[in-house]
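Take a look at the structure set out below.
The figures here come from the full heavy-atom set of this structure, side chains too, leaving out hydrogens, waters and symmetry mates.
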Amino acid sequence: MPHFISIYYSTYDVKGIRFDSATPTQRETSKRPSLLALVADSNSKIELSYEDGDGFTNTLKSVYRQLVSEEKITEEVWLTVVGYGPFEFRTDLKRVSKKARAPAGGHDLDKIFGNELAELSVRTNFQVVTDAQAVVTAGYWEMHAERYDKLGPIKAHGQTVACVIGGIGLGGAVAGPYGEPIGSAHHSEFGHTRIHMDGRDDTPITICGQHQGCLQGVGCWAALEKRAQKFCNDKKIKTDEMEFLFANPDHEIWKMQAKYISQACQNFMFATPPERIILGGSMFELAPHLVDMVRDEVVTIGDEFLYFPADQVDKFIVARRLADEALIGGVHSGLRSAQTNHSV
């Protein structure tokens with residue numbers, strides 16, 4: 001039987017945020033990106049932080065070599081790398097200037113890594129998916145397990161699952177039957193969908209360099225920080241802006257943030273519609289009160305066109321830890337690819 005390994009790449013560690021470089025800040029808690037890995041058949045996990053100068057490719061190779069050695073892997077491996085994308089890979093032998101937008105870039109990356117991984121004497125099938133795509137895949141199979149006993153093996157595959165990932169950026173994805181991300185031929189740009197500006201946002205702040213008024217531009221950490229900065233300056237509050245914001249979870253800025261994220265949920269509800277929406281990323285992990293605020297906003301905007309169990313909104317919109325879901329979804333993506341290629 002083949003082995004299934006998922007490696008998750010994060011630009012912030014589990015203890016804090018690394019804000020977008022477009023907003024200079026002294027609150028960077030970690031300049032050391034980290035890799036988390038999961039080996040499905042043994043449920044082994046490792047974590048490794050590394051300096052930016054090490055190069056992602058060399059670090060990935062080192063982590064993979066460590067996994068193969070420690071787990072005594074000798075058979076075929078389906079390796080899935082999960083990250084926020086787009087990805088830029090470098091090796092000692094060649095530089096890849098073209099950024100590979102996952103997962104379409106997976107074919108190019110297979111060529112890049114092929115020779116390096118071959119020396120491990122383990123046949124490795126390599127693919128890349130975004131964190132949002134991995135999260136909806138994991139969420140799909142979680143719902144499938146819940147539905148299987150009630151509906152049977154065929155109808156259990158009838159749902160769709162969506163997610164909104166909030167952090168350095170803000171985006172999302174949706175998965176259909178068998179956990180396949182919809183639109184998986186390219187990197188999802190859901191974060192650049194347009195939304196309506198909140199009336200309380202009297203001087204709208206958007207940090208997207210491509211669009212005015214898109215979801216990511218008004219809702220990522222950097223935009224949230226700028227709103228807090230403006231409020232503190234206007235009120236002559238001399239304190240750390242983000243500390244002020246976290247100390248006031250019922251502040252109007254959070255209400256605006258919930259309004260923007262609820263519009264992202266609404267877009268999915270009109271388009272797919274999903275049977276579950278997952279909220280993940282550092283934004284919801286460090287500000288868990290935002291989850292209930294988003295739920296309240298979604299219930300408020302609900303009408304006859306939005307079908308969801310309003311009396312069970314806590315089951316319809318759920319919060320999940322991004323790193324855990326990304327690793328699980330990566331394993332499921334590898335398994336699905338293996339099944340498609342008749343390897344299992």
Side-chain angles (χ1 to χ4, degrees), residues 1-10 14 33-50 54-85 87 89 91 100 102-142 144-145 148 175 178-181 184 320-344:
M1 285 289 293
H3 298 270
F4 297 93
I5 298 177
S6 177
I7 296 180
Y8 170 60
Y9 167 65
S10 172
V14 294
S34 62
L35 289 174
L36 297 170
L38 172 64
V39 182
D41 46 338
S42 64
N43 201 34
S44 297
K45 286 186 180 181
I46 70 167
E47 179 176 2
L48 175 67
S49 294
Y50 65 95
D54 294 343
F56 175 79
T57 306
N58 292 330
T59 304
L60 173 60
K61 181 181 176 183
S62 174
V63 170
Y64 185 54
R65 185 188 299 278
Q66 181 179 343
L67 285 171
V68 170
S69 174
E70 291 182 357
E71 300 299 321
K72 298 179 173 57
I73 294 174
T74 58
E75 300 178 68
E76 181 181 21
V77 172
W78 288 82
L79 172 63
T80 303
V81 175
V82 183
Y84 61 87
F87 301 89
F89 294 91
T91 72
H107 299 294
D108 296 332
L109 297 175
D110 186 51
K111 295 178 182 178
I112 295 167
F113 284 97
N115 293 333
E116 295 187 346
L117 297 179
E119 66 185 64
L120 295 175
S121 300
V122 175
R123 180 182 176 186
T124 303
N125 304 281
F126 185 89
Q127 65 176 359
V128 177
V129 299
T130 64
D131 51 5
Q133 290 169 325
V135 166
V136 290
T137 297
Y140 174 90
W141 287 107
E142 179 185 6
H144 179 271
Y148 188 90
Y178 298 95
E180 291 283 353
S184 61
R320 295 289 185 266
R321 185 171 180 271
L322 175 56
D324 293 339
E325 297 299 292
L327 288 173
I328 294 170
V331 167
H332 278 298
S333 295
L335 178 59
R336 182 63 179 158
S337 295
Q339 290 172 334
T340 303
N341 288 273
H342 308 291
S343 293
V344 293

If we only count heavy atoms from C-beta on, is the L327 to V82 side-chain gap below 4.5 Å? no
So I5 and I73, do their side chains get closer than 4.5 Å, heavy atoms only? yes
Could you tell me the separation between the OH atom of Y140 and the CZ atom of R336, rounded to the nearest 0.5 Å? 9.0 Å
Please report the interatomic distance OG1(T340) to CD(E180), rounded to the nearest 0.5 Å. 6.0 Å
For T80, the option from L335, V331, V129 that meets side-chain contact (heavy atoms from CB on, under 4.5 Å): V129
Give a yes or no on whether the backbone of G329 and the side-chain of T137 come within a donor-acceptor separation of less than 3.5 Å. no
Would you say the side-chain atoms of Q127 and S337 include a donor-acceptor pair closer than 3.5 Å? yes
Could you grab the distance from atom CD of Q339 to atom NE2 of H332, nearest 0.5 Å is fine? 10.5 Å
Could you report the tightest heavy-atom contact between F4 and A338, atom names first, then the distance? CE2-CB, 3.7 Å
Spacing of CH2 belonging to W78 relative to CG belonging to N125, to within rounding of 0.5 Å: 4.0 Å
All heavy atoms of A134 vs all of A326, minimum pair found to be CB-O, 3.6 Å
